[in-house]
Number of protein chains: 2
Amino acid sequence: MKYNKDTSEKILENAFEEFGENGYNGARMQSIADRAGINKALLHYYYRSKDALFEIVMKKAFQIMVPKLMKTFNSDDSVCESIEKFVEIYIETIMKHPQIPGFVIHEISNKPDRLVRLIKSTEINFNLLKQKIQKEMDEGKLVQMAPEQLIVNVLALCVFPFMAKPLVTGLLLDGDKKAYKKLIEDRKKEVASFIIRSVKIEEPKS
Amino acid sequence: MKYNKDTSEKILENAFEEFGENGYNGARMQSIADRAGINKALLHYYYRSKDALFEIVMKKAFQIMVPKLMKTFNSDDSVCESIEKFVEIYIETIMKHPQIPGFVIHEISNKPDRLVRLIKSTEINFNLLKQKIQKEMDEGKLVQMAPEQLIVNVLALCVFPFMAKPLVTGLLLDGDKKAYKKLIEDRKKEVASFIIRSVKIEEPKS
DNA sequence: TTTTAGTTTAACTATTTGGTTAATATTAAC
DNA sequence: GTTAATATTAACCAAATAGTTAAACTAAAA
């Protein structure tokens with residue numbers, strides 16, 4: 001046999017949730033075992049240690065995200081077109097895996113270096129993106145601003161409502177969970193429009 | 001005597017830092033005691049438990065933030081003017097107390113209800129704000145969108161770069177910490193311009 | 001100066017929790 | 001069906017750490 005695939009995946013899935021909800025320090029091996037309906041010793045049998053398990057789960061999270069996001073960067077597209085695609089895919093993917101932002105946020109305060117290293121090891125290339133933005137600004141297609149500011153803005157508008165879910169629901173939507181889902185759903189289009197209205201310079205009609 | 005004020009404040013200050021640097025789960029009661037130069041038992045004598053201490057630290061954080069934010073809401077101002085003031089004060093205050101977003105993040109995943117209650121108990125009134133935004137949209141002064149979306153956007157653009165500090169520094173700024181400080185400093189104006197360009201409808205010249 | 005109420009400490013306890021071990025159950029090979 | 005390899009479990013261990021206790025200290029009141 002050598003390692004039951006059912007079991008190993010069950011562990012991974014439940015570890016994903018536990019780590020996502022509680023962060024590395026808050027997550028409990030016993031709790032992961034309970035979620036998966038197995039004995040705690042099995043976790044160590046399959047994945048050796050909490051740390052090792054965490055690293056695999058984190059890599060899995062990026063394996064989900066990165067390929068989808070990369071598809072949205074087509075070199076023929078304008079920055080605005082890229083933003084439209086990126087925002088839609090980003091929000092859609094996080095809707096399916098809402099643990100991911102918590103996962104990242106928790107690890108930022110825990111082991112930021114490991115996280116930075118992991119992201120740098122993916123195909124995501126922020127320098128290329130910065131250059132492309134700068135070029136369009138120089139060509140008068142986008143409002144002048146530091147490209148980093150634009151990138152931060154795009155990410156902020158995508159991620160924040162997931163991290164702040166209980167606050168958005170509790171403070172802005174009177175606890176209405178359906179309204180929250182609609183708000184997120186609407187953001188797939190809303191966020192891109194919001195950004196583009198701010199940065200796009202319309203070409204003068206020929 | 002009944003509780004030495006020096007001691008209780010010394011505890012609070014050092015707890016604020018310990019929780020801020022390590023998060024709730026990473027913080028150690030012994031470490032807080034050591035920082036404050038007192039015996040660990042005193043922590044419990046003054047604040048009963050780790051969770052109770054954290055709750056008070058959290059309240060203290062809001063006592064810092066809320067009055068400053070409230071000053072930015074002048075009923076005579078337009079929504080855009082309010083946003084300008086709000087963003088500047090928000091970013092300035094968090095720059096002085098960068099621990100605060102971390103507290104909020106922890107409480108969101110740990111005791112969201114308690115957090116929502118805490119915020120509701122302040123003078124901050126999101127319903128009033130929503131109405132004001134809606135009114136200006138109806139008057140044709142702002143682009144039509146759900147007021148909640150605009151509020152989420154403002155908060156997202158303010159908070160995110162603090163939470164993602166190591167990522168912004170490590171991935172967008174080649175680890176340059178001075179560049180990070182400048183980026184944040186610039187955002188005091190940049191974020192408001194970004195938002196206003198997107199939502200403000202210029203009045204036709206009379 | 002003695003008493004008393006409140007404050008602080010050193011030493012201790014209980015619990016939590018990541019990890020191990022040795023025994024048991026299951027599956028596949030022969 | 002017996003054996004050998006693999007998978008799973010119950011019970012345990014050790015370290016870390018939140019929380020307690022009882023004694024010692026301090027300062028104000030009597």
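Order of the sequence lines sets the chain letters (A, B, ...), proteins ahead of strands, with each chain counted from 1.
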Legend entry - Point-to-point distance, once rounded to the nearest 0.5 Å, from CG of B:Leu42 to CG of B:Asn4: 9.5 Å
Legend entry - Nearest-neighbour nucleotide for the A:Arg28 side chain, C:dT17, C:dT20, D:dT20 considered: C:dT17
Inset, instruction - Please work out if B:Leu43 contacts a base, only the sugar-phosphate, or nothing of the nucleic acid, heavy-atom cut-off 4.0 Å. - result: nothing
Legend entry - Salt bridge flag under 4.0 Å for residues B:Lys181 and B:Glu185: no
Legend entry - Gap between atoms OH and P, on B:Tyr45 and C:dA11 respectively (whole Å): 21 Å
Inset, instruction - With heavy atoms under 4.0 Å as the rule, sort B:Ala27 into base, sugar-phosphate or nothing. - result: sugar-phosphate
Legend entry - Whole angstrom value for the distance that separates P of C:dG18 from CG of A:Leu42: 16 Å
Legend entry - B:Gln30 CD to D:dT20 P, straight-line distance once rounded to whole Å: 15 Å
Inset, instruction - Take atom CG of B:Asp34 and atom C1' of C:dA10, then tell me their distance rounded to the nearest Å. - result: 14 Å
Legend entry - Interatomic distance where CG belongs to A:Asn4 and P belongs to D:dT9 [whole Å]: 11 Å
Inset, instruction - Before accepting this row, confirm whether a basic side-chain N of the pair B:Arg35/B:Glu21 lies closer than 4.0 Å to the acidic partner's carboxylate O. - result: yes
Legend entry - Spacing between B:Lys40 atom NZ and C:dT9 atom P, to the nearest angstrom: 13 Å
Legend entry - Length of the line joining A:Asn39:CG and C:dG19:P, which is rounded to integer Å: 15 Å
Legend entry - B:Leu128 CG to B:Lys130 NZ distance, which is reported to the nearest 0.5 Å: 11.5 Å
Legend entry - Whether over 12 other heavy atoms sit under 6.0 Å from B:Lys60 NZ: yes
Legend entry - Among C:dT9, D:dT9, D:dG19, the nucleotide that comes nearest once only the side chain of A:Ala41 is considered: D:dT9
Legend entry - From C:dT8, C:dT20, D:dA18, nucleotide with atom closest to B:His44 side chain: D:dA18
Inset, instruction - Answer with base, sugar-phosphate or nothing: what part of the nucleic acid does B:Ala52 contact at a heavy-atom distance below 4.0 Å? - result: nothing
Inset, instruction - Answer yes or no: does a side-chain N or O of A:Ser49 lie under 4.0 Å from OP1 or OP2 of C:dG18? - result: no
Legend entry - d(OH, A:Tyr46; C1', D:dT9) in whole Å: 13 Å
